[in-house]
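Heads up: the structure comes next, in structure tokens.
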Amino acid sequence: MYRSEVTTEESERTAFRKAEKKYKIYYDNTKNRPGIPGALSIEEQRQWIRESLASFPQPPNRTNHNAIYGPIEDLFVSAKERRVLVEVERLPDDVCSEVNALQSDVCAPWYKFVEEHGELRSKDACKSVSASVLLRKLRWSTLGLQFDWSKRSYNISLPHKKIPDALCQLAKRMAAPAMPRGEEFLPEAAIVNYFGSGDMLGGHLDDMEKDWSKPIVSMSLGCKAIFLLGGKSREDTPIAMFLRSGDAVLMAGEARECFHGVPRIFTDAENADISHLETQFTQEDGHAYLDYIRTSRININIRQVF
């Protein structure tokens with residue numbers, strides 16, 4: 001999905017890396033709005049924030065936690081209920097073989113969520129981790145066709161669910177202006193990125209899709225971020241732009257071959273620009289969503305693989 005062509009030492013000297021360091025601290029000379037400003041209504045922002053936290057990390061969708069803990073059910077609900085994940089037992093060898101064949105993950109011990117002061121025994125404490133910690137360490141989940149990060153390719157044999165129809169229709173509508181005449185965008189895979197305070201996404205290319213004439217639809221939710229759009233070389237100085245909740249970017253045409261990244265998100269109340277979301281999560285279960293999004297950014301990027 002992301003291709004790096006230079007070593008760490010070399011990248012420290014590139015124009016893109018210099019810009020990343022600059023905008024990690026400062027944000028002068030930053031353009032106001034890129035792409036499609038306000039592409040998502042407030043109601044749509046609320047909907048996809050909820051889905052990104054409660055539904056998208058659900059198995060068989062994979063997350064960055066799979067390699068250590070295997071598939072985790074109901075992470076967001078468990079975090080809200082202050083549950084903890086404990087190691088129960090290692091899966092039998094025959095089950096491990098099946099899991100490895102289907103998921104390309106390490107055959108981890110079996111884990112389950114338990115009440116912090118209920119089923120959790122003292123001997124389990126050293127093998128446990130709170131759901132709230134896991135939620136904050138959630139960095140990505142994959143929808144539709146699953147991306148195998150170890151092989152850096154899409155693996156159509158991995159179990160998966162189709163991208164929700166409502167999200168497909170939204171992506172098709174946004175992608176339409178960038179599609180070749182007479183063709184319709186076919187959403188086949190999506191990556192949901194989760195950013196917390198201090199997180200960044202280094203400069204990279206999205207180059208694992210078969211046809212680069214098809215755009216990538218990228219939607220921003222939550223805290224404001226700085227987006228860097230460079231050129232076809234890391235030596236090209238990137239343009240810095242703000243992305244706010246509800247904005248969308250189409251990586252289309254020559255931009256599909258350009259380095260891009262996110263060096264900074266704003267989690268402070270003065271610069272996060274999420275006041276319009278404050279009234280959207282007012283019911284009891286909504287506070288958990290609001291507490292998360294006040295210090296986080298979610299990016300949903302949707303792709304046509306073939």
Side-chain angles (χ1 to χ4, degrees), residues 1-2 31-53 55-56 61 140-145 147 154 160-195 201 204-230 239 241-262 265 273-274 276-277 280 293 297-306:
M1 196 79 45
Y2 308 136
K31 292 183 178 293
N32 190 37
R33 291 269 180 133
I36 310 172
L40 300 179
S41 68
I42 295 179
E43 291 75 17
E44 287 174 322
Q45 292 174 53
R46 177 181 60 183
Q47 175 186 0
W48 299 118
I49 288 170
R50 287 178 175 269
E51 295 283 349
S52 296
L53 293 172
S55 300
F56 293 164
N61 296 341
W140 54 263
S141 62
T142 47
L143 315 179
L145 294 179
F147 190 78
Y154 291 97
H160 64 275
K161 294 180 180 178
K162 290 184 177 180
I163 298 174
D165 185 64
L167 186 58
C168 285
Q169 295 306 316
L170 179 61
K172 287 181 179 181
R173 173 166 56 84
M174 292 185 181
M179 288 295 293
R181 182 181 296 273
E183 295 188 38
E184 183 180 54
F185 184 65
L186 301 177
E188 295 173 313
I191 298 178
V192 185
N193 294 308
Y194 304 85
F195 298 81
L201 181 62
H204 64 277
L205 298 176
D206 296 306
D207 62 349
M208 299 308 298
E209 292 72 40
K210 183 177 181 179
D211 186 354
W212 290 11
S213 72
K214 307 302 189 296
I216 291 178
V217 180
S218 179
M219 298 181 288
S220 292
L221 301 165
C223 294
K224 183 175 68 179
I226 293 177
F227 177 71
L228 296 181
L229 178 60
I239 298 171
M241 299 172 279
F242 284 132
L243 285 176
R244 295 175 172 85
S245 189
D247 289 350
V249 171
L250 287 181
M251 297 296 292
E254 289 192 2
R256 282 293 265 118
E257 303 177 46
C258 293
F259 283 90
H260 55 281
V262 177
I265 72 165
D273 280 1
I274 58 168
H276 65 290
L277 293 173
Q280 297 301 307
I293 212 65
R297 173 181 182 258
I298 298 172
N299 165 244
I300 305 174
N301 52 87
I302 305 155
R303 303 140 186 272
Q304 180 169 332
V305 176
F306 300 109

Query raised in the report: Under the side-chain contact (heavy atoms from CB on, under 4.5 Å) test, which residues partner Ala166, sequence neighbours left out?
Result: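 Result, side-chain contact (heavy atoms from CB on, under 4.5 Å) vs Ala166: Gln47, Trp48.
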**Report entry** Within residues 39-49 or reaching into it, pairs that qualify as salt bridge (Lys or Arg N to Asp or Glu O under 4.0 Å) - sequence neighbours excluded
**Finding:**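 Sorted result for residues 39-49: Glu44-Arg173.
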Query - Residue pairs passing the salt bridge (Lys or Arg N to Asp or Glu O under 4.0 Å) test where at least one lies in residues 213-224, sequence neighbours excluded - result: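 Residue pairs passing salt bridge (Lys or Arg N to Asp or Glu O under 4.0 Å), neighbours aside: Glu183-Lys214, Asp211-Lys214, Lys224-Asp273.
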[Y] and [X], any side-chain heavy atoms less than 4.5 Å apart:
X      : Y      : answer
Glu184 : Met179 : no
Leu170 : Leu40  : yes
Asp206 : Trp212 : no
Asn301 : Asn193 : yes
Lys31  : Ile239 : yes

Could you pull out every donor-acceptor pair under 3.5 Å between side chains of residues 216-223 and any protein atom, sequence neighbours left out?
{"residue": "Ser218", "atom": "OG", "partner": "Asn299", "partner atom": "ND2", "Å": "2.7"}
{"residue": "Ser220", "atom": "OG", "partner": "Arg297", "partner atom": "NH2", "Å": "2.8"}

Any idea which heavy atoms bring [X] and [Y] closest together, and the distance?
X      : Y      : answer
Phe185 : Ile302 : CZ-O, 3.6 Å
Met174 : Ile36  : O-CD1, 4.4 Å
Phe227 : His260 : CZ-CB, 3.8 Å
Ala175 : Leu250 : CA-CD2, 4.0 Å

First locate atom [atom1] of [X], then atom [atom2] of [Y], and finally report the distance between them rounded to the nearest 0.5 Å.
X      : Y      : atom1 : atom2 : result
Ile300 : Leu167 : CD1   : CG    : 6.0 Å
Glu257 : Met251 : CD    : CE    : 10.5 Å
Tyr154 : Met208 : OH    : CE    : 8.0 Å
Gln304 : Glu188 : CD    : CD    : 5.5 Å
Leu201 : Ile265 : CG    : CD1   : 11.5 Å
Cys258 : Leu205 : SG    : CG    : 8.0 Å

**Report entry** With sequence neighbours excluded, residues passing side-chain hydrogen bond (donor to acceptor under 3.5 Å, both in side chains) with Thr142
**Finding:**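 With sequence neighbours excluded, Thr142 shows a side-chain hydrogen bond (donor to acceptor under 3.5 Å, both in side chains) to Gln146, given in chain and number order.
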Requested in this report: Report the residues that fulfil side-chain hydrogen bond (donor to acceptor under 3.5 Å, both in side chains) with Glu51, sequence neighbours left out, ordered by chain and then residue number.
Outcome: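 With sequence neighbours excluded, Glu51 shows a side-chain hydrogen bond (donor to acceptor under 3.5 Å, both in side chains) to Ser55, given in chain and number order.
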Query - Donor-acceptor side-chain pairing of Tyr194 and Ser52 below 3.5 angstrom - result: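 Result is no, nothing qualifies.
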Report task. In sequence, state the C-alpha distance, the side-chain angles, and the governing distance for Met241 and Leu228, and then conclude on side chain to side chain contact (heavy atoms under 4.5 Å, CB included). Result -> CA-CA 6 Å; Met241 299 172 279; Leu228 296 181; over 6 Å; no
Report task. Assess whether side chain to side chain contact (heavy atoms under 4.5 Å, CB included) is satisfied between Phe56 and Leu143, documenting all intermediate values. Result -> CA-CA 7 Å; Phe56 293 164; Leu143 315 179; 3.6 Å; yes
Query raised in the report: Yes or no on salt bridge (Lys or Arg N to Asp or Glu O under 4.0 Å) for Asp207 and Arg256, after CA distance, side-chain angles and deciding distance?
Result: CA-CA 8 Å; Asp207 62 349; Arg256 282 293 265 118; over 6 Å; no
Query - Stepwise side chain to side chain contact (heavy atoms under 4.5 Å, CB included) check, Ile293 with Ile298 - result: CA-CA 8 Å; Ile293 212 65; Ile298 298 172; 4.0 Å; yes
Query raised in the report: Which of these passes side-chain contact (heavy atoms from CB on, under 4.5 Å) with Pro187: Ile163, Val305, Asp165?
Result: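 With Pro187 as partner, side-chain contact (heavy atoms from CB on, under 4.5 Å) holds for just one option, Ile163.
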